[in-house]
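Just so we're on the same page: letters track the sequence lines, and every chain starts at 1. This structure is a prediction, so every number in the text was calculated from the model and none was measured. Heavy atoms only: backbone and side chains are in, while hydrogens, waters and symmetry mates are out.
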Number of protein chains: 2
Amino acid sequence: MLDAAAERLVAQGYTATTLREIAADIGIKAGSIYHHFESKEDLFIEVFSRGIEVMVDAFGDVDTAMNGCDRESDRLEAHVRAHLGALFEHGSFTAAHVTAFFTAPEELRSAIVPLRDDYEHRWNALLADVLPELDSARLPIARLFLFGAMNTTIEWFDLSGDLSLDGLANLITVQFLEGVDALNLQRSTR
Amino acid sequence: MLDAAAERLVAQGYTATTLREIAADIGIKAGSIYHHFESKEDLFIEVFSRGIEVMVDAFGDVDTAMNGCDRESDRLEAHVRAHLGALFEHGSFTAAHVTAFFTAPEELRSAIVPLRDDYEHRWNALLADVLPELDSARLPIARLFLFGAMNTTIEWFDLSGDLSLDGLANLITVQFLEGVDALNLQRSTR
DNA sequence: GTCTATAGGGAGATAGAC
DNA sequence: GTCTATCTCCCTATAGAC
C-alpha cells in the first residue's frame, strides 16, 4: 500500500493522487485504507518519512563502509552513489519524496522538515570534511548545487540507458569538484 | 488573471490550484473565467507557454547584446544571468513553469513540450559554442547539470539576501565550468 | 481487515440575466 | 464582462455489516 502510494506520488503529485486509485492498485476499496491510517495526510507522512529513511540509511551504510578511506573524493563519490541508489534502486519512497514533497500541504511538510534537516546536516558535515578549504558560508550553497545535480537526474536519467548509476555518480562528483572539463575525462581525473 | 494563476501554480501546483481561488485573487467569480478561457487546461497552457516565452525572449536578448563578445565564458554567464532573471525578475510565469510543469496533466504537458524543446536546443547550441571540446554525446548531460543548478535555485535563493542575482549567475557559471574550487574564488578565476 | 453505502464538501463547467 | 444559480462528478471520510 505504501509502495503504491509512493508510485502514484511520483507520477501525479499529492493532490492528484486519490485514495481510490491507491486502493485499486492493491486490490482493495478506498474505505479500507482507514483501517491502517487515520487520514490521507497520515498515509503520506509515512511515505515521505520512509523516503528520508532510505536516504539516511544509505548515507550511514557508506559512512561505515568507507571508514578507513583516506581519499576524500572517493568518500564523496560513494555518498553520491548512495543517494542516487536511494533515488533509483530502493523503491519509490525517495523518488516520491524528492519529486512530490513540495506538492503536499504545508501542515504535512512541516511534520517532515526535521527529518530533512537531519539529512542535510549530515551532508554539510561530509562536505566540510571533504572540502576543508571551503568557506563555511559557502558550504550550504555547495550542498544545494550538489543536491540539485543529484535530484534533477530523476527527470532525465534512464537506468536502462548506456550510463550506469556508478557512471552517473562519478560524473556528478567530478563535475561538482572539477567542473565541466571533467565531463570529458570520466574516471581519469581522480 | 494569468499572473494570479502563475502565482498560485508556484505556491500549490496544478491540481491544488482552483479556478475559484484565481477568480477570488483578482476580484471576480469563477464562472467569469470561462469568458476568457475554454477550460482550466486552456488557461494553464497559456501560463506555461508564457513561462517559456519569457525565457526565450531573455535568451534572444542576450544573443543580441553579446554579439561581438569574444570571451565565451562571459557569454555563458550572461545567458545564465538571463535565465535567472526570467525565474526571479519577470513575474511568476517562468517560475510557475519550472516548478509546476510536471504537476500538470499529461495532455497539457504534451502541448507545451515543443516549446520546451526549442529552448533546450538553443542552450545545446550555446554550449556547443562555448565548449567546443565537449563530446557531443555529453552535451545534453552538461545542459541538464546546468539546468539543474539554475532551476533548483528557486527552492532556496532569496533575492533580498546577501547574494545578488549577478553574483549567483557568476557562482553557477564558474561552478559549472571549473568545479567547486571556484566557489571560493568568485570573479577571480576568469 | 475488508466490504457496501453514503454523508458532506468542493471541484470544473454551463446557462441565462444584467 | 461579470454575475448567480446550478449541474455533475469525484474527493475524503465515516458507519456498520460480515
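Atoms NZ (B:Lys29) and P (D:dA5) sit 11 Å apart, rounded to a whole Å. Atom OH of B:Tyr14 is separated from atom C1' of C:dA11 by 12 Å (rounded to the nearest Å). Per the geometry, CD1 belonging to A:Ile28 stands 14 Å off C1' belonging to C:dT4, to the nearest Å. In this structure, B:Asp42 atom CG and C:dG12 atom P are separated by 14 Å, rounded to whole Å.
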Between protein and nucleotides 6-18 of chain D, map the contacts as a letter string: B base, S sugar-phosphate only, - none, heavy atoms under 4.0 Å, written 5' to 3'.
-> -----BBBB----
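Expressed to the nearest 0.5 Å, how far CD1 of A:Ile112 lies from CD of A:Glu46 amounts to 8.5 Å. In this structure, the separation between OG1 on B:Thr153 and CG on B:Asp158 is 11.5 Å, given to the nearest 0.5 Å.
Side-chain N/O atoms of A:His35 include none lying less than 4.0 angstrom from OP1 or OP2 on C:dC3.
Seen from the ring of B:Phe147, B:Arg143 counts as a face-on cation partner, given the 6.0 Å and 45° thresholds.
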Report the C-alpha separation of B:Phe101 and B:Tyr14 in whole Å, then their side-chain angles, then the decisive distance to 0.1 Å, and conclude whether the side-chain contact (heavy atoms from CB on, under 4.5 Å) test is met.
-> CA-CA 8 Å; B:Phe101 183 71; B:Tyr14 182 88; over 6 Å; no
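You'll find the ring centres of B:Phe176 and B:Phe145 outside the 6.0 Å limit.
Near DNA chain D, meaning a heavy atom under 4.0 Å from it, residues 2-13 of chain A has no residue at all.
Ion pair A:Arg71/A:Glu77 not flagged as a salt bridge, since none of the NZ, NE, NH1 or NH2 atoms sits closer than 4.0 Å to an Asp/Glu carboxylate oxygen.
By the 4.5 Å heavy-atom criterion applied to side chains, A:Leu84 and A:Ile172 are counted as neighbours.
Under the rule for a side-chain hydrogen bond (donor to acceptor under 3.5 Å, both in side chains), the partners of A:Asp63 that lie at least two apart in sequence or sit in another chain are A:His79.
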